[in-house]
Engineer: 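First the structure, which I've put down as structure tokens, then a few questions once you've had a look.
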Protein chains: 2
Amino acid sequence: MAREPASLDLVRVLREHGVQPSAQRLAIAECVLAAVDHPAADTVLARVQERLPLVSRATVYNTLHRFVEAGLLRELSIAEGRTVYDPKLDPHHHFVDLDSGAIHDLPWDALEVRGVEQLSAERLSAYDVRDYQVVLRGRRHARRRAP
Amino acid sequence: MAREPASLDLVRVLREHGVQPSAQRLAIAECVLAAVDHPAADTVLARVQERLPLVSRATVYNTLHRFVEAGLLRELSIAEGRTVYDPKLDPHHHFVDLDSGAIHDLPWDALEVRGVEQLSAERLSAYDVRDYQVVLRGRRHARRRAP
DNA sequence: TCGCGTTCTGGACTTAGTCTAAATTCGTCA
DNA sequence: TGACGAATTTAGACTAAGTCCAGAACGCGA
Ligand SMILES: [Mn+2]
Ligand SMILES: [Mn+2]
Ligand SMILES: [Zn+2]
Ligand SMILES: [Zn+2]
């Protein structure tokens, strides 16, 4: 039941991004870098404390911000005032489930947005677009069993 | 310097939406229903208190929520954890200025999103889309003077 | 004018997040 | 190995956004 391999990978990942791999940072990285559910900071804190009960809130907030600066995470504010963290760095869209509040990823290619270039066109407009995404809201129903 | 005409309009608007027009609600409505800058609740509180210094925070929060239920406002969470209110009810997109945090409206027709129907298609997907918008982030530069 | 339901108020409370000063840990070098 | 300065972590105070509540005020119909 070795748990080291994953951690060794994480040590390398953190070093490559200029982050010293402390025990706390590794535990936080393990929680958040593979998360698929866009957790909030306090969710990360709760999960990390299951393994490392003494981590402080300040460390979790500091580390998440450091990971964002280091390019390991993105910070999102798309649903009901929550700030959540997303380890998926390539562009993609998000679907917010209005019942549960859950945030789901949609592949970039699932949607096509036309007209962004015109907005950014120098001399024509005031908008210098750095990035964009489609945010959809609705309900996620049980997927039909394939016939 | 009559100030009544606008207020009379607002009385009618509130009544038509099933909201009793009290003095506080009218003052809040005057602040937020014509706002073009997507104010947060505390911004609304500050503006209302300029005219009606005794309104309480609780009343502003309650009233904003009531206006949302009544279909007079929308609540948005698109930038840095803030919750803001938008009196523009028809579908449109939003541009977030990364320098100032300001939120600007973009007309619905400025962008075209393709592929949403496929996401919603029964039997094919798990997503029941109720609404969507494009959220763009970047910088707003001074508009060039027309040549 | 009275009575009663609605609205408003201040303040306590909660939650998310920041900040600080002290304690601990870590890397390095003698 | 031991010492030392830098980096990291910690607990707790603090702030900001938002909720909740019990009582006060209001407002409309009888
Ligand atoms: Mn943050
Ligand atoms: Mn709200
Ligand atoms: Zn995502
Ligand atoms: Zn808007």
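Both backbone and side-chain heavy atoms feed into the values below; hydrogens, waters and symmetry mates do not.
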Engineer: In whole angstroms, how far is the P atom of D:dT8 from the CG atom of A:Leu52?
Structural biologist: 17 Å

Engineer: The criterion is salt bridge (Lys or Arg N to Asp or Glu O under 4.0 Å); which residues satisfy it with B:Glu75, sequence neighbours excluded?
Structural biologist: none

Engineer: For A:Val36, which fellow cluster members are found when Ile, Leu, Val, Met, Phe, Trp and Tyr are connected by side-chain heavy-atom distances below 4.5 angstrom, either directly or through intermediates?
Structural biologist: none

Engineer: Of all the nucleotides listed (D:dT10, C:dT7, C:dT9), which has the minimum atom distance to the side chain of A:Gln24?
Structural biologist: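 That would be D:dT10.
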
Engineer: Could you identify which residues cluster with A:Ile78, counting Ile, Leu, Val, Met, Phe, Trp and Tyr as linked when any side-chain heavy atoms lie under 4.5 Å apart, either directly or through a chain of such contacts?
Structural biologist: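 Hydrophobic cluster check, A:Ile78: joined to A:Leu76, A:Val84, A:Val96, A:Ile103, A:Val135, B:Leu76, B:Ile78, B:Val84, B:Val96, B:Ile103, B:Val135.
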
Engineer: Between B:Arg66 (CZ) and D:dT19 (P), how many Å, whole number?
Structural biologist: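 Distance check: B:Arg66 CZ to D:dT19 P gives 14 Å.
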
Engineer: Taking NZ, NE, NH1 and NH2 as the nitrogens, is one of them in B:Arg130 or B:Asp128 under 4.0 Å from a carboxylate oxygen of the other?
Structural biologist: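 Answer for the salt bridge query: no.
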
Engineer: Just to verify, what does A:Ala46 make a side-chain contact (heavy atoms from CB on, under 4.5 Å) with, not counting sequence neighbours?
Structural biologist: none

Engineer: How would nucleotides 10-29 of chain C be written as a contact map, 5' to 3', with B for base contact, S for sugar-phosphate-only contact and - for no contact, using protein heavy atoms under 4.0 Å?
Structural biologist: B-----SBBB----------

Engineer: Could you tell me the separation between the CG atom of B:Leu45 and the P atom of C:dT9, rounded to a whole number of Å?
Structural biologist: 10 Å

Engineer: Of all residues at least two apart in sequence or in a different chain, which pass the side-chain contact (heavy atoms from CB on, under 4.5 Å) check with A:Asp42?
Structural biologist: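 A:Asp42 satisfies side-chain contact (heavy atoms from CB on, under 4.5 Å) with A:Leu45, A:Arg57, A:Tyr61 only.
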
